[in-house]
Protein chains: 2
Amino acid sequence: MEYDKYAHEPFAVTADLAVLTILDGVLHVLLVERGQEPYQGHWALPGGFVQPDESAETAARRELAEETGLSDVSGLHLEQLRTYSEPDRDPRMRVVTVAFTALLPHPPEPHGGSDAAQARWVPYDTAGPLAFDHDRILADAHERVGAQLEHTCLATAFCPPEFTLGELQQVYETVWGTALDRPNFRRKVLATPGFVEPVPGAARLTGGRGKPATLYRAGAATTLRPPLLRPTSEGRPA
Amino acid sequence: MEYDKYAHEPFAVTADLAVLTILDGVLHVLLVERGQEPYQGHWALPGGFVQPDESAETAARRELAEETGLSDVSGLHLEQLRTYSEPDRDPRMRVVTVAFTALLPHPPEPHGGSDAAQARWVPYDTAGPLAFDHDRILADAHERVGAQLEHTCLATAFCPPEFTLGELQQVYETVWGTALDRPNFRRKVLATPGFVEPVPGAARLTGGRGKPATLYRAGAATTLRPPLLRPTSEGRPA
DNA sequence: CCCTTAATAGTCAGTACGACTATAAAGAGG
DNA sequence: CCTCTTTATAGTCGTACTGACTATTAAGGG
């Protein structure tokens, strides 16, 4: 790195977030409506400028707290996705964006955020054309999360502290968009030590219609060996 | 993203590279010796400032060409690793670094690079304390490449256009640091459609001592389904 | 009281995998 | 020229895992 080259051009650096959650069995993403040009009135991923004293991670967590109104975002899953730096991705100036993915269990109502724009949970499939290159960022986030489900215990990040195996399976089915065989999924999950552990208490009391399910907690494991691969569905180009 | 917040602070953006290759069965990384403060005389990952008209990817590829002296870097594997943005990672100013990994088959002698510093291939294990947070970047790159070998056909990027299965296996063994069973490795690789394809010509003529091996080319596949998992070695914390 | 719903248990054949053994084809050294 | 070493390649075998099922259990709804 050559330092005397500096002052060539300053970059603005932002941290943008693809905040995903599952509402009523449908994958949702948190979007904000832009209150100003460019792309005024368009929907975009929440985010903001990285401040002088914070890292991109810190900025992302701060923005996440502001946009969702969550009081405690310290335990939430936040992961760097990748950085987008094409010169023309912003019509106004040179902006480099470090994108993050965040996974929420049962999300709160986003209360407009601290900024003028309003925030809303939007079904992933109907997240129309977004501002800037946010369509691509969102697609990258979806693909990344889908891939992570195969190799990590990340799925529990979509679930509340205590959950049933049915709910965990729904996470996989929702993100992957495929149906899974229930007994096989159960066998696989329980055979992975540290993925989930049963809650000593009793079964679920919620207004479910069928047999009550036992509740589980996230275990200590983070990686899935062997992985839980999504159905080949032959279509996936190798 | 709020634009009127801009002008708060300019960031310098650099693209740094963890260029890996295998020399004599040992994983090597390309390092440059810094010619100026800070960290003058220390070794560091090659890299440089992103110019106004280029993306981080473009800058990384340009730096790669400059440092390695390769005339054609268009076909080489280059992949974004992650971005490092801690406020204090550079003692001089606020620098955000987009890190990349690059994989080379048979590398050329690095001829000092275009910048004053000299460049050299250094065994990964002896890549001592590096400047800035480059130790961490290098470790992240190693871990990422190791993980990619499990799920992608990336290993061929370490090999010349035509290679033997023994050479391909050596890539896995070198990066993972573990020995693999040769017949099983061979069975697995050949059972994955599109991973490698035999070269119609004859076997290798090189001065090998044993039975000549058939030559293979990289196939069209990019992902490995099912994955080629590294030996559990029980030690890996799940 | 029966039907529906959902959770959980269990079966079974095909496949993948790890650990081996065996054979083939080259060079090295006497 | 023969043998030993080296490396590639072929094949075996028992275990574990997977996908596709069927069966049973425990709730709620009409």
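Within every chain, numbering begins at 1; the chains are lettered A, B, ... in the order of the sequence lines, protein sequences first and strands thereafter. Note that this is a predicted model, so its numbers are computed, not measured.
Atom CG in B:Asp181 sits roughly 13 Å away from atom C1' in D:dT12 (whole-Å rounding). With rounding to whole Å, B:Gln170 atom CD is found 11 Å from D:dT7 atom P. The nearest whole Å value for the distance from the CZ atom in A:Arg186 to the C1' atom in D:dC17 is 18 Å. The interatomic distance linking A:Arg182 (CZ) with D:dT24 (C1') rounds to 15 Å, in whole Å. Following rounding to the nearest Å, B:Asn184 (CG) and D:dT9 (P) show an atom-to-atom distance of 15 Å. Atom-to-atom, CG of A:Leu229 to P of C:dA16 comes out at 12 Å; the value is rounded to the nearest Å. Remark: C1' of C:dA9 and CG of A:Leu190 are 12 Å apart, rounded to the nearest angstrom. Spacing between atom NZ of B:Lys211 and atom C1' of D:dT5 amounts to 16 Å, rounded to whole angstrom units.
The backbone N or O of B:Cys159 lies less than 3.5 Å from no partner atom in the side chain of B:Thr156, so there is not a single donor-acceptor pair.
Between the side chains of B:Tyr84 and B:Asp140, a donor-acceptor pair is found at a separation under 3.5 Å.
Here the nucleotide nearest the side chain of A:Arg209, chosen from C:dA6, D:dA26, D:dT9, is C:dA6. When distances are taken from the side chain of A:Pro183 to each of D:dA10, C:dA16, C:dG10, the shortest belongs to C:dG10.
The shortest distance between the side-chain N/O atoms of A:Thr214 and the OP1/OP2 oxygens of C:dA7 is not below 4.0 Å. Close to C:dC17, at under 4.0 Å from its OP1 or OP2, lies a side-chain N or O of B:Lys188.
A salt bridge links B:Arg82 to A:Glu57: at least one charged side-chain nitrogen sits closer than 4.0 Å to a carboxylate oxygen.
Closest approach of A:His28 and A:Val26 over heavy atoms only: ND1-O, 2.8 Å.
For D:dG11, the base has no donor-acceptor partner in the side chain of B:Arg187 [N/O atoms by modelled type, under 3.5 angstrom].
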